[in-house]
Amino acid sequence: MEHNYDHKKIEERWQAIWEEKKLNETDEKSNKPKYYSLVEFPYPSGDGLHVGHVRSYTAMDIISRKRRREGFEILFPIGYDAFGLPAENFAVKTGIHPKITTEKAISNFRKQLKSMGLSFDWSREIKTIDPKYYKWTQWIFLKLLENNLAYKAKIPINWCQDCRIGLANEEVTDGVCERCGGPVDKREKEQWMLAITKYAERLLSSLEELDYILPVKVQQKNWIGKSEGAEISFNLKFLDFKINVFTTRVDTLFGATYLVLSPEHKIISNLGPNISNLNEVKEYIKKAASTTDIERVAEGREKTGVKLEGISAINPANGEEIPVYTADYVLSHYGSGAIMAVPAHDERDYQFAKKFNLPVKKVVEAKAILEIPRNAEDIASGAKKRLIIKTEVYAGEGKLINSGEFSEMESPEAREKMTEKFGRRKVTYKLRDWVFSRQRYWGEPIPVILCKKCGVVPVPESELPVLLPEISDFMPDEDGESPLLKAKDWVNVKCPKCSGAAQRETDVMPNWAGSSWYFLRYLDSRNDDALVSKEKEKKWMPVDWYNGGMEHTTLHLLYSRFWYKFLFDIGAVSSEEPYKKRTSHGFILGEDNEKMSKSRGNVINPDEIVKYFGADTLRLYEMFIGPFDQAVVWSTDGLLGPRRFLDKLYKALDRVKVIKSRKESLMHQSVKKVSEDIESMKFNTAISAMMISLNELLKDEEISKEDYGLLLKLLAPFAPHITEELWQKLGGKGSIHLTPWPTYDKKKIVKKTNLIVVQVNGKVRGQFQSENSDEEEIKKTALNLDKVKPYLEDGKARRVIYVKDKLVNIVL
RNA sequence: GUCCGGGUGGCGGAAUUGGUAUACGCGCUUGACUUAAAAUCAAGUGCCGAAAGGCAUGCGGGUUCGACUCCCGCCCCGGGCACCA
C-alpha cells in the first residue's frame, strides 16, 4: 500500500476520469429538482487566475457538490467576460490584436480552473467576445432601443484623460478613474444612454423579497437613493416664469429666503435679457463647467455663486420677494436642479447665506440636545448632564414658528399640510441613467446606423451580429473618437431605410454589457435562434445562488437586474428577478496586508501552490483561512495546517478496519455541523469540525470503516480528489461525489453525561460530571465541591442559580 | 459628515435566545526517532505569579446571579456614499 499522499498523481488522475465520465455535466433530461449555482465569470487577464477567484469558486463548488448529493440536478457553469480595457491597452502599446491576447489568456484560465477540480459543466462554456454570443447582446440593445430605453443625448460625461474614455458614474471613484486612477473631467459628448432610472422604483421595491446579504441590499438601496418630498413652484416677479424646486423639508418653506439654480439650469438662458449682470453670470457658469468633481466637493471649499440681478421670486408661503442665485453647490442632475434655500435649517444654505449676507429666518424651534458627561474624570469632577441648544443651524425637526397658520404644528404634520397647499408630492432618485457608449475598440459594436436623412436606424435583426472589424491601430484619437472610425469600409454603409449613404455607429458597448445577461446564455449556449429557449429559461431561471464581489453591487449586479426586468417586460424571460440569493466573499490580501498587485510583488500564483501542495490543500486552506465574507491575509505557512490534515487522513487509511466500536456521537455531530456550516458559508468552522473528528478517530489504534467513510463523504466537496482516491481504496462503489449527502440523527448526538460548571458569584470555581438533571441533587453536589466549600465558610449562599444540564451559580 | 462591516493570545481566528472565553490551525518550547537535519510522533503553550490566586475580548459607564454577547457614550480600522436639497 502507498503510504505517501502524492497529490499530483491523484489530482491529475481523477480530473481525467471525471472529465471522461462527464461527471459534472448537467443532465437536461433529468427530472430531479433543478439548482442553478453561479459564480461571476472571470475577466481573463494576462496575469492568470487570482487566489481570490479560487476562494469564491471553491465556495460555490462546495455548495454545488453538496446540492448534487442532496438530489438536485445542478447547473454550475463557467465562461469568460472577455471584452475589456486591459487587453485593448496592451494592444495600443504592442499592436497585438486584443483577440489574440484574450484567447491566450482564456486558454490559460481554462487550464488553471480545471486544475482546481471545480465541478463546472465545461460543455457550456461561453465567452462574451464570441460573435455568436454578442449577437444577442446586440439584440438586447435593439430591443432596448425599440422600447425607448436607449437614447442618444449630449450630456456632460466623466472623461478619463489617460484612458481617453467616457466613464459611467459608477466607474468614477473619488473623482478619479476607477481603472487607472487618472483625473476625470467633464466633457459634453453625444452618448448612448440606457434609461435605468425608469426602473428605479422596481429595482428598489423588489429588493425586499430577495435573499441578498444585507450590505448588498443597503448599498443598492442607497445607490438608487429614493427621496420623498415635495415640488414647489416659485413665481418670478414681473415675469411669466416659474422655478420649480424639490425639497424634503416643505415645513421650512417660510424660512426660504432665496433660491439657487444650478449653473446648468436651462431657465438661466431664457431669463437672459432680464438679467442685468448677464456677463458675470455667464462667466460663473463657464467656470463651473470646467471645475472637476474633485475640486467641486473639495473639503472646506467656500461656497461660490452669483446673484441674478434684476430677477426675484415670490415665496408662495408668505408672498415675500426673495433673490435668485446660481451656485455650483446645487446639482443640475438631482431634483429639479434648483433649490429653495433655508439658511436657518440647512448647513449648506447657511454657509452660502453668511458669505452673501442673506437673511436667516428661523421657522422651526430647535430641540435641545442632552449632553452627557463622557469620561470618568468628568463624572468624578461632578459634571452633570445638561441641555444645550445649537444656536446657528438647526437641521432637525420640531415645532414650527413664524409660519403663519402652520405655526405650532410639528414638522411632519406641517409637511403634509403645506405640500397640499403650496405644491405637490414628488419622489426623486439619485440613480442616473447608464452611460452606455465607449469610444473604444474592444467591445460589442452598437448595432445602429446613423443616416443624415433618417437619423438613428437600427441594424435589422437579420443582420446581427454586427462584427467588430479588424483594425491595426487601436488608439482613440485626441477628441476621444472611437478607433473604429478608421475602419472606413466598415463604417460607410447604406442606410437600411432609405439606401442612402450612411455611417455605422462607431461607439462600442461598455464591458458591463456582456455580463448583464450571461447567466441566461449558459442555459442554452449553442442556440443560434434565440438568446435562450423559452423552455430552458423556464426550467432553470432564476439563479438559485449567486456569489460574487461586493465591488459589483452597484454595477454588474444592478445592471443585470435592470436588463432582466426589461427582458421580462418584453416577454423574453418569465420571471422578474435573475438571482434569488446573493452572497459575497471577502478579498484576499497579500502577506504584507496590502492588496495583491504585481507592482508590490505580493501576488500569489495559484499554479505554484497547486504544484507544491495540491489543489485540495489550496481549496481547503482558502476555505479555512477565515470568515468567508471578510477580508483575509494570505499566509503560505498557513497552508501547512490543511496539508497536514490531508496527510494524516491519508495515513489513517492503514488503521481503518471493519469494527463494531464506532464514534457515533462524534460523527453525527460532525455531519450536523458541516451540513449547517456549508449552508451559512462558515467553511472555516466546518473544516475545524472535520479536523476535530479526524483527531478523535486517530486516538484509537483502529478506526471504524464506517466512521472513516463518513468523514470522507463530508470532506469530499472541499477536497474532491483525495477523498475520491481514498473512497476507492476503501472499496467504495462509484464516485464519492455521487453518494448521497450524509444525514444525522439528533438522538445520537446527545451525550449521556453533562458537565456541570460551578460558579461562585459568577466566577468559575469547579466542575463535575452528572448523569441526571435533578436540580436539588446537582445543587447539593455543587455546594459540596472542595473548591467551593471555602467560599461558604464566611457566609451563606444567598441564592443558588441552576441552568439545566449546564451550570450552577452560587451567589453569596 | 453619513451608512454598512469589524476590533478577542505572538499570528489567522472560535464562541450569540447572556452561562467553562481563547475551539481549530499557524508559530513557539520540550521530549522521542535520527550521526545530523527535515518530516513525523508525544507533551506543553492567554498574561502576571513559585504557588494560592489575580488580571484579560478597543475605551468609559450601565443592566444582570452571570456580559465577547444586551443598553448608553466614545475611540480606532476596513469598505460604500457624499454640497443628493
Side-chain angles (χ1 to χ4, degrees), chain A residues 4 173-174 213-223 225 227 229 245-249 252 260 262 293 296-299 301 303 327-331 333-342 345-349 351-352 371-379 395 428-432 550-551 553-554 586-587 589 621 624-627 629-642 644-645 647-648 651 682 684-692 695 698 755-767 797-804 806-812:
Chain A
N4 287 319
T173 316
D174 296 329
I213 50 168
L214 195 65
V216 170
K217 284 194 186 189
V218 169
Q219 257 187 53
Q220 287 207 347
K221 191 178 165 218
N222 291 344
W223 187 259
S227 177
V245 304
F246 172 71
T247 176
T248 53
R249 292 297 305 274
T252 62
V260 189
S262 73
D293 276 359
R296 200 159 156 166
V297 301
E299 201 143 337
R301 180 174 180 247
K303 296 266 178 295
D328 68 2
Y329 83 92
V330 174
L331 307 170
H333 53 76
Y334 185 75
S336 58
I339 61 154
M340 64 178 211
V342 186
H345 304 293
D346 182 283
E347 185 63 43
R348 297 151 300 179
D349 297 344
Q351 284 171 22
F352 190 85
E371 201 182 62
I372 302 163
R374 303 264 146 78
N375 49 45
E377 279 165 48
D378 282 359
I379 295 162
T428 62
Y429 300 88
K430 286 185 198 168
L431 185 70
R432 291 156 73 180
M550 277 309 289
E551 70 275 21
T553 303
T554 54
F587 291 116
L589 301 170
Y621 168 69
F624 186 58
I625 188 169
D629 57 351
Q630 275 172 42
V632 286
V633 178
W634 180 270
S635 155
T636 301
D637 284 345
L639 277 157
L640 288 171
R644 282 178 192 149
F645 170 63
D647 277 328
K648 276 198 268 183
K651 279 192 194 141
K682 286 153 93 178
N684 51 339
T685 50
I687 292 166
S688 154
M690 291 185 280
M691 286 172 166
I692 292 170
N695 290 343
L698 285 169
L755 183 73
I756 307 291
V757 171
V758 183
Q759 299 181 331
V760 176
N761 284 340
K763 294 208 166 175
V764 179
R765 296 299 175 188
Q767 55 183 46
R798 226 166 17 113
R799 233 173 113 188
V800 181
I801 289 151
Y802 172 61
V803 181
K804 195 168 176 278
K806 267 187 185 160
L807 170 139
V808 175
N809 188 13
I810 299 157
V811 187
L812 296 176

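Per chain, numbering begins at 1; letters A, B, ... match sequence-line order. For the numbers below, each heavy atom of this structure counts, side chains included, while hydrogens, waters and symmetry mates do not.
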Between atom CH2 in Trp223(A) and atom P in C3(B), what is the gap in whole Å?
19 Å
If you only use heavy atoms from C-beta on, which nucleotide in G6(B), A15(B), C24(B) is closest to the side chain of Gln630(A)?
G6(B)
Counting N and O atoms only, with roles assigned by atom type, does the side chain of Tyr621(A) sit under 3.5 Å from a partner on the main chain of Thr636(A), one being a donor and the other an acceptor?
no
Minimum heavy-atom separation for Gln767(A) and Leu755(A), please, with both atom names.
NE2-CD1, 4.0 Å
Provide, to the nearest angstrom, the distance between the CG atom belonging to Leu639(A) and the C1' atom belonging to G12(B).
12 Å
In terms of side-chain heavy atoms of Tyr334(A), which of A15(B), A85(B), G19(B) is nearest?
A85(B)
Choose from G54(B), A15(B), C3(B) the nucleotide whose nearest atom is closest to any side-chain atom of Asn222(A).
C3(B)
Just checking Asp346(A): base, sugar-phosphate only, or nothing, at a heavy-atom cut-off of under 4.0 Å?
nothing
Before giving the answer on side-chain contact (heavy atoms from CB on, under 4.5 Å), spell out for Leu698(A) and Lys648(A) the whole-Å C-alpha distance, their side-chain angles and the decisive distance to 0.1 Å.
CA-CA 9 Å; Leu698(A) 285 169; Lys648(A) 276 198 268 183; 4.0 Å; yes
Separation of the C1' atoms in C55(B) and G1(B), to the nearest angstrom:
40 Å
Please name the nucleotide paired to U64(B) by Watson-Crick or G-U wobble geometry with both distances under 3.5 Å, or report none.
none
Under 4.0 Å, counting only non-hydrogen atoms across every strand here, what does Thr248(A) touch: a base, just sugar-phosphate, or nothing?
sugar-phosphate
Should U17(B) form a Watson-Crick or G-U wobble pair with both distances under 3.5 Å, which nucleotide is its partner?
none
Which part of the nucleic acid does Lys648(A) contact within heavy-atom distance under 4.0 Å: base, sugar-phosphate only, or nothing?
sugar-phosphate
At less than 3.5 Å, do the side-chain atoms of Lys303(A) and the base atoms of C83(B) form a donor-acceptor pair?
yes
Between atom CG in Leu589(A) and atom C1' in C11(B), what is the gap in whole Å?
15 Å
In Thr685(A), Ile687(A), Leu639(A), the residue satisfying side-chain contact (heavy atoms from CB on, under 4.5 Å) with Phe624(A) is Ile687(A)
So what does Leu807(A) hit on the nucleic acid, given a heavy-atom distance under 4.0 Å: a base, only sugar-phosphate, or nothing?
base
Of all the nucleotides listed (G13(B), C83(B), G25(B)), which has the minimum atom distance to the side chain of Tyr329(A)?
C83(B)
Quick one: Leu698(A) CG to U40(B) C1', roughly how many Å, whole number?
13 Å
When we call it a touch if two heavy atoms are under 4.0 Å apart, what does Val330(A) touch: a base, just sugar-phosphate, or nothing?
base
Hey, are the side chains of Asn761(A) and Val811(A) touching, using non-hydrogen atoms and a 4.5 Å cut-off?
yes
Quote, to the nearest angstrom, the P distance that separates C48(B) from C65(B).
35 Å
When you compare U29(B) with G80(B), how far apart are their P atoms, in angstrom units rounded to a whole number?
41 Å
How far does the C1' atom of A82(B) sit from the matching atom of G46(B), given to the nearest Å?
43 Å
Counting only Watson-Crick pairs (N1-N3 plus N6-O4 or O6-N4) and G-U wobbles (N1-O2, O6-N3), all under 3.5 Å, who is the partner of U57(B)?
none
Within the 4.5 Å heavy-atom criterion, are Gln351(A) and Tyr329(A) side-chain neighbours or not?
no
Between Asn684(A) and G25(B), does any side-chain N or O lie under 4.0 Å from OP1 or OP2?
no
So, is Arg799(A) close to the C65(B) phosphate, meaning a side-chain N or O under 4.0 Å from OP1 or OP2?
yes
Remember a base hit wins even if backbone is also touched, and classify Val757(A) as base, sugar-phosphate or nothing at under 4.0 Å, heavy atoms.
base
Any chance you could measure Met340(A), atom CE, to Thr247(A), atom OG1, to the nearest 0.5 Å?
4.0 Å
Here the distance between atom P of C81(B) and atom CE of Met550(A), to the nearest Å, is 10 Å
With a 4.0 Å limit, can you tell me whether Ser227(A) has a side-chain N or O closer than that to the phosphate oxygens OP1/OP2 of A85(B)?
yes
Hey, which of these two, Val633(A) or Ser688(A), hits RNA chain B nearer its 5' end, going by closest nucleotide?
Val633(A)
Rounded to whole angstrom, note down the C1' distance from G66(B) over to C11(B).
31 Å
From A85(B), A23(B), G19(B), nucleotide with atom closest to Val803(A) side chain:
G19(B)
Side-chain heavy atoms of Arg249(A) within contact of His345(A), under 4.5 Å
no
Got Ile801(A) and Gln759(A) here, is their nearest side-chain heavy-atom distance under 4.5 Å?
no
Distance between the P atoms of A15(B) and A23(B), in whole angstroms?
13 Å
Which part of the nucleic acid, if any, lies within contact of Asp629(A), taking any heavy atom under 4.0 Å across all strands shown: a base, the sugar-phosphate backbone alone, or nothing?
nothing
For Val218(A), report the nucleic acid contact type (base, sugar-phosphate, nothing); a contact means any heavy atom under 4.0 Å.
sugar-phosphate
Sticking with atom C1', work out how far U69(B) lies from U64(B), rounded to a whole angstrom.
13 Å
Does any nucleotide pair with C28(B) by Watson-Crick or G-U wobble geometry, both distances under 3.5 Å, and what is it?
G44(B)
Taking syn as within 90° of 0 and anti otherwise, name the glycosidic form of G5(B).
anti
Would you say U40(B) has OP1 or OP2 under 4.0 Å from some side-chain N or O of Arg644(A)?
yes
Whole Å only: how far is the CD1 atom of Ile625(A) from the C1' atom of G13(B)?
11 Å
Which one is paired to A36(B), where only Watson-Crick or G-U wobble pairs with both distances under 3.5 angstrom count?
none
Could you check whether Leu755(A) gets within reach of a base, just the sugar-phosphate, or nothing at all, counting any heavy atom under 4.0 Å?
base
Taking donor-acceptor contacts at under 3.5 Å, does the side chain of Gln759(A) reach the base of G19(B)?
yes
Using heavy-atom distances to pick each residue's nearest nucleotide on RNA chain B, tell me which of Ile801(A) and Gly641(A) is more 5'.
Gly641(A)
Rounded to the nearest Å, what distance is computed from the NZ atom of residue Lys804(A) to the P atom of nucleotide G19(B)?
17 Å
Which whole number of Å gives the distance between the C1' atom of C74(B) and that of C26(B)?
35 Å
Indicate, with a heavy-atom threshold strictly under 4.0 Å, whether Asn695(A) touches base, sugar-phosphate, or nothing.
sugar-phosphate
Between G12(B) atom C1' and Leu640(A) atom CG, what is the distance in whole Å?
14 Å
Looking only at A21(B), G25(B), G5(B), the nucleotide nearest the Met691(A) side chain is G25(B)
Checking N1-N3 plus N6-O4 or O6-N4 for Watson-Crick, or N1-O2 and O6-N3 for wobble, each under 3.5 Å, the partner of G1(B) is C81(B)
Got a second to check how far Lys804(A)'s NZ is from Lys806(A)'s NZ, nearest 0.5 Å?
10.5 Å
